[in-house]
Every structure is written in C-alpha cells, then in structure tokens.
Asker: 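My questions will all concern the structure given below.
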Amino acid sequence: MKALRNYIDKIKPHVEKGGKFHYLHSTFEAFETFLFVPKTVTKKGSHIRDAIDLKRTMFMVVIALIPALLFGTWNVGYQHNLSIGESADIITNFMYGLWYVIPLIVVSYVVGLGTEFVFAQLRGHEVNEGFLVSGFLIPLIVPVTTPLWMVAIATFFAVVIGKEVFGGTGMNIMNPALIARAFLFFAYPSNMSGDKVWIAEKADAFSGATPLGQLMTATDKVDLPSVSDAFFGFLPGSVGETSTLAILIGAVILLYTGIANWRVMFSVFLGGYLMGFLFNQVGGNVYMNDVPAYYHLILGGFAFGAVFMATDPVTAAQTNTGKYIYGFLIGVMAVLIRVLNPAYPEGMMLAILLLNVFASLIDHYVVQANIKRRLKRAKQIAA
Amino acid sequence: MSEIIKIKKGLRIKLQGEADKTVSELSSKKYALKPTDFIGVFPKLTVKEGDKVKAGSPVFFDKYRDNILFTSPVSGTITEIKRGAKRVLLEIKIEADGANEYVDFGKAIPASLNKEAITEKLLQSGLWASIRQRPYSTIANPEHSPKAIFISGFDTNPLGVDFDFILHGKGETFQAGLDALAKLTTGKVHLNLHAQDTQTKVLLNARNVQINKFEGKHPVSLIGTQIASIDPINKGEIVWTVNVQDVVAIGNLFLHGKYEAERIYALAGSEVLKPHYFKAKNGVCIQDMVSNNVTEGKLRYISGNPLTGEKIESNGYIGFYSNQVSVLPEGDQYQFIGWIMPNLHKFSFYRSLFSWLTPNKSYKLDTNLNGGERAFVMTGQFEKVFPFDIYPMQLIKAIMSRDIDLMENLGIYEVDAEDFALIEFISTSKIEIQSIVSEGLEYLRKEMS
C-alpha cells in the first residue's frame, strides 16, 4: 500500500492549485479518496468522529441491491430461454443475462460518473457518492432490451436535470434514477412498454407482456401468475424488479444497517395493500374484482420501489411523522394509478416521483405542528 | 424526592484512558486567563505586563458591562499579554510567585445576605463569570432574574469526570455556594443528579435546592437536556447555569472571603500514560502535567472533553469552564480503502460497522474525520441522539440560512452548541455542526440586542 500511497503523493502536486493538470483535480480526488480515507483531522467541535462516512453508507445500499441484480441477471436468461422453448441450466441463463446486463451497468456508470466528475470539477467540489447507488439502480429498473444509447441519454438527463441543477447529491428534489426511468418512459414509450421489450431476443409467438401489462388491457378474467412465481420473480419485467424475495433480502440489509428508514418501507406496503383491499371491496373492473390486494405488493416494481426508491433519504420526507405519510401515500397512489389509469400499467414510478415533489410539503406541516406546540407552551406560561 | 427522569435517546461513547481516582498536585508557575473562553465579552485590560496581582485582583473587564470583572487565579506577576490577528486578546499570562496572597472580600453567611449583596460580592471577586445564562451561553446579566438555575452534578461525556470524587470533603463549601445561588433566583435551583451513579452525600443531601434524578445515555448530563426535560426555555425566558466546581468556589468566597481558584481536573485519554485527577488552580498551564505522562507521536490536547472541548497546545492553558484535559492521538494518517474495511477498532453509532456488537468495549479514537465533508444526505439519524422536542436538521438549516423567525420557532433558545455535539459526532456528512449552531446563536444575539 505504501508504494501506491507514494505514487499518489507523487502525482498530487500536479493536480493541485497551480499544477499543470488542475482541471483533473476533482477526478483525482475522487480516485484518491476511494483508495485512501483522507488524513483530514477535526479542528474544533467534536474532536472525535464516527467511523461512518457517505461512501460506506452508499456502498451498503449497493450491497443490498446485489441479490436483485443477481436474480435479475439470471431471469434475463431464463425468460429468453423460456420464450424460445428451450430449457437451460442456471449458469447458462446467468451468462446469457450477463451479456445484456453488464453493458447496461457500464453505460450507466460511465455516463453518470463522467457527468458527475465534470460538474464536480466545474464547481470545485469533491465528487459525491450519490451516483454509486443511482448508477446501480438505473440498469435494474429498465427493460433488458433498452438500447444502450437511450440509457446513456436518460442517465445524462437524470444527472444534469435531476440532480446537478439543484446543486448535486443531497440537494435534488426527485430521485435521479426514477427521473432516468421517467425520461425513457415518456421519450421512448415504445421501448418501455408493451409485450416486446421485456425479454431479450424473444420468440415472436411468445407473449412477453408483464402481468401488469396484461391486466391493464384485460376486459374479462385474466390468468394471474401464481403467488410463488410473482414472489420469487419468474416473470418478465425490468431487470431487477421481478423477484420480491431478492428485494426483501436487500430490505433486510438496509433495515439492519439502519440506512433505509423502516417507516417509509412499512407504510408504502401498508398503503398499497389497503388501497388494493379497498378496491377489492368496491369492485368494478377486472383489477378490482380478480386481483387480491397482496398481488399488488409482489407484482411489478412495487416492492423494488418501496425498498430502494421511496427510501432515498434525500427525496423522501425528512421528519419521522412525515415519513409515514409519505410512504403511505406512495402505496396508495401506486395502486390507484395501476387500477384506475388506463394509460399506465405501472404506477410505482409516478407515485414516488409525485410524492418526492410533495415530501417537503408534508414535512412543512409536520414541522408546523412542532412550532405550534412550542408557541402554545410559551403562551400557557405567559398566561 | 421526585421521580426519575429517563432519557431514552443518546449514545454512550466509551474511550480508553478514563482517569483513575487518585489526585496529584500540580503546582505550576504558569497560569493564563483566556478572554476567548467568554462568549460575547469584549475584554478591556486593567493590568499591563510586569504588574503584580493577588489572587482575586481584576485583570480585565467586559467593555460593554464594566461591572463584570475577570480576576487572577493566583498571586504573581503579569508576564505576557498575547494578542492574535486584529489585536484580539488571546491570553494574559501570569507567573505565580508562590506567596498565595489573596484579595480579602470579607466573610459572610450567604443566608443572611440579600440578592444585591451576593451579586456584588460575586462581581468583585470575578466569580460572576462562572454564572452563565441560556440562551447564548454568555455570562449572566446581574440585573436579570432568571426563572431557574440549573446545576448538573454528573458527567456522561466520553472521558467525563466524576463529580462524586471531585466533591469529596467539600460538602460545606458546596452547600454555601448553593445557598448563595438560591438567593439569585425567584425560581428554583435545580441540582440534577444521576439516579444510580451519584452516591456522594455532598450532592444527595444538598439543601435549598430541588434535586432531580436522571438516567440514560449521554447527553443526559448536559444542562440543555436537563432544562428541556424539566422546564424548557421559551422565548424571552432566561435560565442560569453554574458548574459544580464553581459552586464550590462561590461557597469558598462566602465562607473564607477569598477567590479560591483551586480545582480538581481529570487528565484522561488513551494517550495519557497514567490517567488520573490533579489539583491545580484555574487557568493552569498543562505542560508540567503532561510532559512526562503521554505517549510518543502526534497528540491532540483538549481543554475539556473530546466532544466539546477546545484544542490547546501541549504547553497551553486549561480553559475557565473546563473540568478536564483530554489527550488523544492525532489522526492525520491515510487509511487504505478505509471506508470499506471492517474497522473493528473504530467506534460507530451505526450498524454498518460492528462496534454495536461490543457495547462495553473502550475505544481508542483519533481525531481523523473518517471521511470527506458532504451535503446532508441521510435523514432521521440526528433525532436518535437528540433528546429535545426539536427537529435538529430543520433547525440547523434554519440557522444556516440565518432565518431568525424560523430559528425561534424551531426552538433555538432551548439549545446550545454542546447539545449538538453527538449529532456532529454521528453525522455522515462530517459537517461542523457545533460551529454552525454557535455562529447562529451569536448572530441571533447580535440581531436581538
């Protein structure tokens, strides 16, 4: 390690102020701090500090995403082979999936991090770790057949418009990964929905629609996938969203480390279930009559959104009370859109983005309650 | 006796090198008064280099409140008046002559004096400076009548001192100090003790006060936490606080008619070879105490505890309000991919690391920031170590944007910088939150005056 450290120390003067390569300062710093935690010490205030930092926090989220990624990768191969009527072993399916998923990840990271580095350099900031997670999320929430250039444009759009214009990680209003997804959804709808996009090199005869897609167009009774298929994720869909089990493993990691807030996660599921249950009682269309409420939680992107997207601390409500309200409304809105809106088969993305916008309003009212309590206390004493 | 107040939120940080319960004597010749210890004071000197002073002789006073005097802890000679940038007065150094001459302020029984007489005596002796007010943590205004006076009789800070030990044999003077303070408020004097750890009769049998018992993790011993759970400060209200050892000094003033600056300090921290308590006068130079009693290598000397203390040099002086000196290793080394390592030797509030598995282990923590400064990203963490009915993140942001109305509404009058020390410790963003809060309080104080 010493040799590496010495090597870095040798380059360092060239990228520091006045050096020949100062324009690479932020990039250099990003790599340096990746390799070595800096030797910065505290100056005043608390002389000792917790061992946590943002890198570790973000990395934990990446670890939590790995089960969904591994399963999703295998499922790409499995769905392909299923559609062409061949059976293949786990390794073959997985290798086939890698062929599609790795390019998605590479494009997402290269474009996203490249953009982040440029912005950090222009602003004279350090590169923020936020994109470590966003860059991992984007490949998991798009159909496997999404052209790479679309992923590149969407990622660029998400980083610039979704995040950097607000000031970077920690300042953004909406979840950047979902902005990328929404961008694709509205800019290239034919590549984002229908029955052709979810399975790589699908045989034409095979129906490749997702259960939610089928439900949207159904006029009478539909064949729902079995609960186990939906829960384990043997269904077509975006790369990482299909397996509720893999997502729940991630959820356990996030909740155990305390990085994701259980209030948000719990209330999203609760809101979704209650809304589905309410629709079941009312009845009216295929969804309301034939789809039990718990199906909403295991189909489509509901679980993925609840665990990995809604819990994004920057764009969620910040107060604990606000988190309950925020999560609950996401669940309600997602199911509402699924069931009642004829244009969108999946409501999770839009529900989260919508509540991202309203999160600070929710917080505002929660904080106002605290303020009123304080004023009341002061008044009681004055009286 | 009232019921026990339980504080559920908080964090216990166990550090290596807690002080052993033995006392040595430090009879240094070098002492200093540091005007920077006193928030909002604009010092005007009454002495010049070479002047002789007695213990209790005025050294400087506050330009804007000229009855608030700051007096010499020892008898001796003013050797140096040290100024910093823009001629800011940093240290007034005094060399002790060993004669131990005291200014005579006259003995008196506090119970027989009225508020004015007690105030006058405290002002003359310089001990008034030991009474601070909330909000702002400035020296109390003698004309105010606070709604209560709070004294915290225990210390849950990392490496915190044991007041039971410090107060041993000082029952009489401590009680006299309490009697004097009781005259200064129309409300109560609250003496806050730990439900189990406080054992000494000096504290438990104190009279003329309301004793409140607390239990819980740090920050339960902080005055701010205690005020918030007993009698929160509303806008316009004022509460005073005094350190335990200053109560003893006040008692000494009335019983013996002199300013006795003697304190018992803890010398603690992982880098101290023999951590223990030592007896010395306020403002003493730590050099003789630490020179042969610390490890090799770069060290951080702190006047105060590791969470809220002030960085001093190895030949620096203990601050006016400190009860201890802490010595920690400096953390100016790189750590290879440290952000991903298990880091079993490091302590964390979070379960991304493993220190929560060993709750009774003591840690040797250095001064490394353990990461780079970032914007606020995580939410909901600060609340877990902040036992106030206040939204800490929202308040911090209101302070950063200098929005006075919002700061007031969110409860800034109830807090002090030290109440945010744990938040600063656990912050993933590594932002200097205590500085933000103290700057915000200073801004507010200037705008409101």
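The sequence lines fix the lettering, A, B, ..., with proteins before strands; numbering per chain opens at 1.
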Asker: Between A/Thr311 and chain B, which part of the residue has a heavy atom less than 4.5 Å away: side chain, backbone, both or neither?
Answerer: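 For A/Thr311, there is no contact with chain B at all, as no heavy atom is under 4.5 Å.
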
Asker: With a 4.5 angstrom heavy-atom cut-off, which part of A/Thr57 approaches chain B: side chain, backbone, both or neither?
Answerer: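 It is the side chain, since no backbone atom gets that close.
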
Asker: Side chain, backbone, both or neither: which part of A/Val127 has a heavy atom under 4.5 Å from chain B?
Answerer: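 The backbone, not the side chain.
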
Asker: Of all the heavy-atom pairs spanning A/Pro313 and B/Val377, show the shortest one and how long it is.
Answerer: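 Taking A/Pro313 first and B/Val377 second, the nearest heavy atoms are CB-O, 3.3 Å.
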
Asker: Taking C-beta and beyond as the side chain, do A/Arg56 and B/Ile340 meet within less than 4.5 Å on heavy atoms?
Answerer: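 A side-chain contact is absent here, since even the closest heavy-atom pair is not under 4.5 Å.
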
Asker: Is A/Leu4 close to chain B through its backbone or its side chain, or both, or neither, when contacts mean heavy atoms under 4.5 Å?
Answerer: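 Only the side chain of A/Leu4 comes within 4.5 Å of chain B.
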
Asker: Do A/Asp50 side-chain atoms and B/Lys430 backbone N/O form a donor-acceptor pair below 3.5 Å?
Answerer: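 A pair under 3.5 Å: no.
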
Asker: Between A/Arg49 and B/Asp366, is there a donor-acceptor pair closer than 3.5 Å when you use the side chain of the first and the backbone of the second?
Answerer: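 Checking the backbone N and O of B/Asp366 against the side chain of A/Arg49, no donor-acceptor pair under 3.5 Å is found.
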
Asker: Using a 4.5 Å cut-off on heavy atoms from C-beta on, say whether the side chain of B/Glu414 contacts that of A/Arg374.
Answerer: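 Answer yes - side chains close enough.
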
Asker: Can you name the nearest heavy-atom pair linking B/Gly380 to A/Asn320, along with the distance?
Answerer: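 Where B/Gly380 meets A/Asn320 most closely, the heavy atoms are CA-OD1, 4.4 Å.
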
Asker: Counting only heavy atoms not in A/Phe358, do more than 12 fall under 6.0 Å of its CZ?
Answerer: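 Counting other residues, nucleotides and ligands, CZ of A/Phe358 stays at 12 neighbours or fewer.
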
Asker: Between A/Lys323 and B/Thr379, does a side-chain hydrogen bond (donor to acceptor under 3.5 Å, both in side chains) hold up when you go through it step by step?
Answerer: CA-CA 10 Å; A/Lys323 281 176 171 133; B/Thr379 62; 2.9 Å; yes

Asker: Going by heavy atoms in the side chains, are B/Leu307 and A/Ile48 under 4.5 Å from each other?
Answerer: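 Counting from C-beta outward, B/Leu307 and A/Ile48 do come under 4.5 Å.
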
Asker: So for A/Phe34, is it side chain, backbone, both, or neither that comes closer than 4.5 Å to the heavy atoms of chain B?
Answerer: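 For A/Phe34, the contact with chain B is made by backbone and side chain together.
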
Asker: For a 4.5 angstrom cut-off between non-hydrogen side-chain atoms, does B/Tyr350 reach A/Thr257?
Answerer: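 A side-chain contact is absent here, since even the closest heavy-atom pair is not under 4.5 Å.
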
Asker: Please say whether the positively charged group of A/Arg5, taken as NZ for Lys or CZ for Arg, lies over the ring of B/Tyr334, i.e. under 6.0 angstrom from the six-membered ring centre and within 45 degrees of the axis.
Answerer: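 Here A/Arg5 passes the 6.0 Å and 45° test against B/Tyr334.
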
Asker: Would a distance-only check, ignoring hydrogens and angles, find a side-chain to backbone donor-acceptor pair under 3.5 Å from A/Asn370 to B/Asp389?
Answerer: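 Yes.
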
Asker: So what's closer than 4.5 Å to chain B heavy atoms on A/Arg263: side chain, backbone, both or neither?
Answerer: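 Nothing of A/Arg263, per the 4.5 Å heavy-atom cut-off to chain B.
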
Asker: B/Lys397 versus A/Gln318: any side-chain heavy-atom pair under 4.5 Å?
Answerer: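 Counting from C-beta outward, B/Lys397 and A/Gln318 do come under 4.5 Å.
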
Asker: What part of A/Leu375 gets within 4.5 angstrom of chain B, counting heavy atoms only: side chain, backbone, both, or neither?
Answerer: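 Answer is side chain: those atoms of A/Leu375 sit under 4.5 Å from chain B.
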
Asker: Search all heavy atoms of B/Glu432 against all heavy atoms of A/Lys43 and return the closest pair with its distance.
Answerer: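 Answer, listing the atom of B/Glu432 first, then A/Lys43: OE2-CB, 4.0 Å.
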
Asker: Minimum heavy-atom separation for A/Asn128 and B/Arg374, please, with both atom names.
Answerer: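 Residues A/Asn128 and B/Arg374, closest heavy atoms: OD1-CD, 2.7 Å.
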
Asker: Please answer whether the main-chain N or O of B/Gly309 pairs with a side-chain N or O of A/His47 as donor and acceptor at a distance below 3.5 Å.
Answerer: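 Between the backbone of B/Gly309 and the side chain of A/His47 there is a qualifying donor-acceptor contact (under 3.5 Å).
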
Asker: For the backbone of A/Ser46 and the side chain of B/Glu424, can you confirm whether one donor and one acceptor N or O come within less than 3.5 Å of each other?
Answerer: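 Yes; judged by distance alone, with no hydrogens or angles, the pair exists.
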
